[in-house]
Each structure stands twice: as C-alpha cells, then as structure tokens.
There are 2 protein chains.
Amino acid sequence: MVKGKPRERRKDDRPAEILQAAVDEFAEKGFANAKIQSIATRAGVAKGTVYLYYTTKEEIFEAIVRDRIQPVFAMASAMSEQWQGSQADLLRQIITHFYGQMIENDERRMILKTLISEGERFSELAAFYHREILVGGRKMLRELIRKGIESGEFRDGLYAKEPMVLVAPAIHAAIWKMTFDSVEKLNTRRWLEAHLELILHGALSKPSI
Amino acid sequence: MVKGKPRERRKDDRPAEILQAAVDEFAEKGFANAKIQSIATRAGVAKGTVYLYYTTKEEIFEAIVRDRIQPVFAMASAMSEQWQGSQADLLRQIITHFYGQMIENDERRMILKTLISEGERFSELAAFYHREILVGGRKMLRELIRKGIESGEFRDGLYAKEPMVLVAPAIHAAIWKMTFDSVEKLNTRRWLEAHLELILHGALSKPSI
DNA sequence: TCGACAACTGACCGTCGGGTCATTAACTAG
DNA sequence: CTAGTTAATGACCCGACGGTCAGTTGTCGA
C-alpha cells in the first residue's frame, strides 16, 4: 500500500504503482475476484484514478504480462546465445531458471494461472502471449536441440519436432502448486531434478533408438 | 436441451438432466461465467428447480467431478491390474487412454480447467480430487514403475519418486488446447508420441546412468 | 496572489446474477 | 371426485461491482 498525502499529484509514478498493486491483488484473489476498488486502495488512490490510467481490468492484466513475463524469457534467450558449454547443461540451466522465475515466484505463477484460467476469454491476450513468448521460447529450444544433435550429444527424435515437451513438466509443477499445495506441498527441488533426469535419460534401462 | 410438457414432474430424472446441462454450460462458458438460469434452460426447467436438487453452483460442479472424472481413472486402474504385457507398453496404454479421455474430450478437459482455475477457492473440491483421484493415480504409477524396475525394463531413478512427472506433459497439452488452440492448433497425436518417446528414451544419445 | 488547468476523488448508476419463496399445478391415495 | 402432498415455477430481492462524471483541490505560470 503506497502512502502519501491525499490528493497528491504524481502522474508519472501512478501507472507503476497501480500495476504493482494490481499484481498483488491478482496474486491474492485471482483475476475474476480482483476488485478495482481494492487495487485502488492498495495503490493509495481512489477508484476513479485507476481508470485515469487504465481503461479496463483486462488492460491492466495485459500490461502486467508485458512488464513481468517478457523479461524472464529475454533473459533465457540471452543466456542461450552466449552459452559456451554443452547443450545438455544449457538445457538444465534454462529449465532451472524457468522454475526459479516462473514456478517458485508467486507473482509470475499467478500470471500464468490467470492466463490459463481466462485465456479463452481474452483471446487477444492469448495471441499476444503466443506471439511474443511461446514462439520465441520454442525457437530457442529447437536451436538448442539442433546444436545438440549436430554435436552428437542428443539423439534425433519426435521430441525435436515438439520441443515444448521438454519443458512441459514445469507447467504441471506450477499447476500443482496453485491447486493442491494446501493439501500436499510440492517438493519443487526434487520435482525439478526428476524432470531433468527424465527428459535427459528417459525411463528405459536399455533405450533401443 | 431437454424437452417435455411444462411442469411435468420427473423427480428421478431431474438430477442427471441438470448435471448434463451443467456440464454443457460449464464447458461452453467456464465456471465463473456459467449462469444457473442458463443451466436451467438447457435442462428444460425453471431456475428454482435447479435449487431443489443442488444447493449451490459449487455443489453442481463437485457432482460433475465425482460423476465424470472418477470413471476414467477407475478404468485405468482396472487395465493396470489385469495387464499381462510389458510395463512400458502398459505405460503407453495408460497415457494414451488419458489423452483420449481427458485431453481430447471437451467435457472432461473443461472440468480439468475449472479445477485448475478455481481450485484454490474451492479447497474442499481440490482436497476431494487429490484424495480420490491423484493419490490413487500416483500409486498406480509407482506400482507400474516398481514392476518395471524389478523386471529390468526400467532403470531406477528420481522419476520413480515423482512418478507424476511421467504424465506431466499431458497437462501441458490440455492447457495448450484450452488456451492457445485458437491461435495455433495442437497436433495432439504427434504431441502424445513425442511425449511417450521422450519419457521412455530421454534426449541424450548416450545415457550415462 | 490568483486564475486556469488537470490530477484526483468518491458518490452514484446500471447491470447482473445467485438465491428465495409465495404461488401454481401435477400427481395420488382414499 | 376431492383433498392433500409436493414438484415445479419465475417474479422478486439484494448485494456486488465495473465503470462514470460532476465536483474538489493541488500545482504552476503569469
């Protein structure tokens, strides 16, 4: 909750403050149950003021995605481009980074959840996310796999055509944390390690391909 | 939409009809946007009648989970118990069954989505789902892996401690279909095959454990 | 010091939808 | 046929909340 004299005029700072308040409110209540009034109160501002800066609740949410999620993937891309070691290690790094930034971080996990929950209704937002985040992420993975196959580190296979399958268990982890953590806490560390081990080595003792 | 004379009295059939109407309404609108009035209309009944059989919207949803999801897992368990072939083939069967019943089926995928979206708010429902479905499913997988390791088919490893990681990519597929299918259709068949191949063989060309 | 501009406020409006209950009418036992 | 029972109805109630806007006040240039 931002403090200050009432009716203080701070046009430049308001958008960021309101955005932060909205992140907190969404994280606590989810999108559907988030109240504009409550966002306003958290930001130390009247309800009307929120509408001076954002036209609708949806617009606030889109601003959050742009502001908070994109950097995580940008960071991963950067890491990828200047990587020197093995591709398997890079994959481990990227996935570990992803768990830290998206699954264990309450704010971002909530953004993910909202996207899942309301993605159908805000198809514009889903399209934005797909275009700006997923396509790039997938391309990065494809490139990583290609290099790995070239160097003989990775075998070729169907997974190279659907590279998101490598990251998929992370989504399961996020969902578990969102939905069932109150009943049974997920051991994220152990899950991450099982995830990495499985996608690298598989379950069979004598792989035949 | 169920037809019939107005005010026809059919106490016995109503609950099932209302449930089916609710499944349709939820699948189309999601839980938050489903209207009781609309469920009633679909069932060919007045709004008040719905409340004769179910006290709240939540109760309707819980009834749906009990009625529609449990059978899918019961079937998998049954398959598992009388299985004669290899454990790898059983795993393939179960996961394929799961894709058919949960990911490609609109009704059930929507139930999954609702559980994810509203699971935090209906903690009773999340607890029910965890207790009745997840614990059993995980136990089944553990048993499957144990047998596989014993017979030398599977290697031992962390994934045996977090067996859900084997199924996790299916959840990703469900979410993709729910959220991004309008932007880019998921090739479920190919995804399933990539999933199976990856969890069995892994990505490395020379697994070292 | 004093307009005038624009940031800010919050009471108010309209809508929506979950849930209620007095009324109606289908069925049934006698 | 009738009276009693109870399934079914839908108009109504009411709280919630997104969004508006006339009025208020801080700020700044002249």
Side-chain angles (χ1 to χ4, degrees), chain A residues 1-26 28-64 114 117-118 121-122 124-125, chain B residues 1-26 28-64 114 117-118 121-122 124-125:
Chain A
M1 169 105 86
V2 177
K3 293 257 174 73
K5 296 167 200 154
R7 276 179 179 268
E8 206 171 355
R9 296 161 66 115
R10 295 187 295 105
K11 185 179 167 56
D12 292 347
D13 299 338
R14 295 295 191 214
E17 288 172 7
I18 292 169
L19 216 63
Q20 181 58 49
V23 168
D24 295 343
E25 172 75 2
F26 285 148
E28 197 172 297
K29 304 280 179 57
F31 183 82
N33 281 59
K35 318 293 173 224
I36 299 285
Q37 177 59 66
S38 176
I39 293 174
T41 307
R42 281 173 195 266
V45 121
K47 186 163 64 149
T49 304
V50 173
Y51 285 97
L52 291 179
Y53 296 99
Y54 300 98
T55 314
T56 62
K57 211 173 158 182
E58 284 83 348
E59 195 186 304
I60 299 177
F61 186 74
E62 298 192 8
I64 291 176
T114 303
S117 307
E118 330 269 339
R121 291 202 297 138
F122 309 125
E124 158 50 38
L125 186 60
Chain B
M1 171 102 87
V2 177
K3 292 261 173 71
K5 296 166 200 154
R7 277 180 179 269
E8 204 171 356
R9 295 162 65 115
R10 296 185 294 106
K11 186 179 167 59
D12 293 346
D13 299 338
R14 294 296 190 213
E17 288 173 7
I18 292 170
L19 216 62
Q20 181 57 49
V23 168
D24 295 342
E25 171 75 2
F26 285 148
E28 197 172 298
K29 304 280 180 58
F31 183 83
N33 281 59
K35 319 289 175 227
I36 300 286
Q37 177 58 64
S38 177
I39 293 173
T41 306
R42 282 172 195 265
V45 120
K47 185 161 66 150
T49 305
V50 173
Y51 285 97
L52 291 178
Y53 296 99
Y54 300 97
T55 314
T56 62
K57 209 173 160 183
E58 283 84 347
E59 197 185 304
I60 299 178
F61 186 74
E62 296 192 10
I64 291 176
T114 304
S117 307
E118 329 269 338
R121 291 202 298 138
F122 309 124
E124 157 50 37
L125 186 60

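Letters go in sequence order (proteins before strands), and every chain restarts at 1.
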Nucleotide dA11(D), atom C1' - distance to OH of Tyr51(B) in whole Å: 15 Å
Matching residue for Val45(A) among Arg14(A), Glu8(A), Glu17(A), Arg10(A) - test: side chain to side chain contact (heavy atoms under 4.5 Å, CB included): Arg14(A)
For atom NZ of Lys11(A) and atom P of dC5(C), their distance in whole Å: 16 Å
Closest-nucleotide 5' rank along DNA chain D - winner of Asn33(A) and Val50(B): Val50(B)
Donor/acceptor link under 3.5 angstrom from Arg9(A) side chain onto base of dA6(C): yes
Whole angstrom value for the distance that separates P of dG17(C) from NZ of Lys57(B): 9 Å
Residue closer to the 5' end of DNA chain C, Gln37(B) versus Gly48(A) (nearest nucleotide): Gly48(A)
Gap separating the NZ atom of Lys29(A) from the OG atom of Ser38(A), nearest 0.5 angstrom: 4.5 Å
Shortest non-hydrogen contact from Ile39(B) toward Ala21(B): O-CB, 3.5 Å
Integer-rounded Å distance: dA7(D) P and Asp12(B) CG: 10 Å
Tyr53(B) vs dA8(D): side-chain N/O to OP1/OP2 distance below 4.0 Å: yes
Any donor-acceptor pair under 3.5 Å from Gln37(A) side chain to Lys47(A) backbone: no
Minimum-distance nucleotide to Glu8(B) side chain [options: dG19(C), dC27(C), dT20(D)]: dC27(C)
Touch class at under 4.0 angstrom, heavy-atom based, for Tyr54(A) against every strand present: nothing
Under-3.5 Å donor-acceptor pair between Lys35(A) side chain and dG18(D) base: no
Sugar-phosphate, base or nothing in reach of Ile36(A), heavy atoms under 4.0 Å: sugar-phosphate
Nearest non-hydrogen partners of Ala63(B) and Tyr54(B), listed with the distance: CB-CE2, 4.1 Å
Residue-phosphate contact under 4.0 Å: Lys47(B) side-chain N/O, dG10(D) OP1/OP2: no
Euclidean distance, atom CG of residue Leu52(B) to atom P of dG10(D) [Å, nearest integer]: 13 Å
Separation of atom CD in Glu17(B) from atom P in dA7(D), rounded to whole Å: 15 Å
Value in whole Å for how far the C1' atom of dA26(C) lies from CZ of Arg10(B): 13 Å
Sugar-phosphate only, base, or nothing, as touched by Ala32(B) at under 4.0 Å among non-hydrogen atoms: nothing
Presence of Arg14(A) side-chain N/O under 4.0 Å of dC8(C) phosphate oxygens OP1/OP2: yes
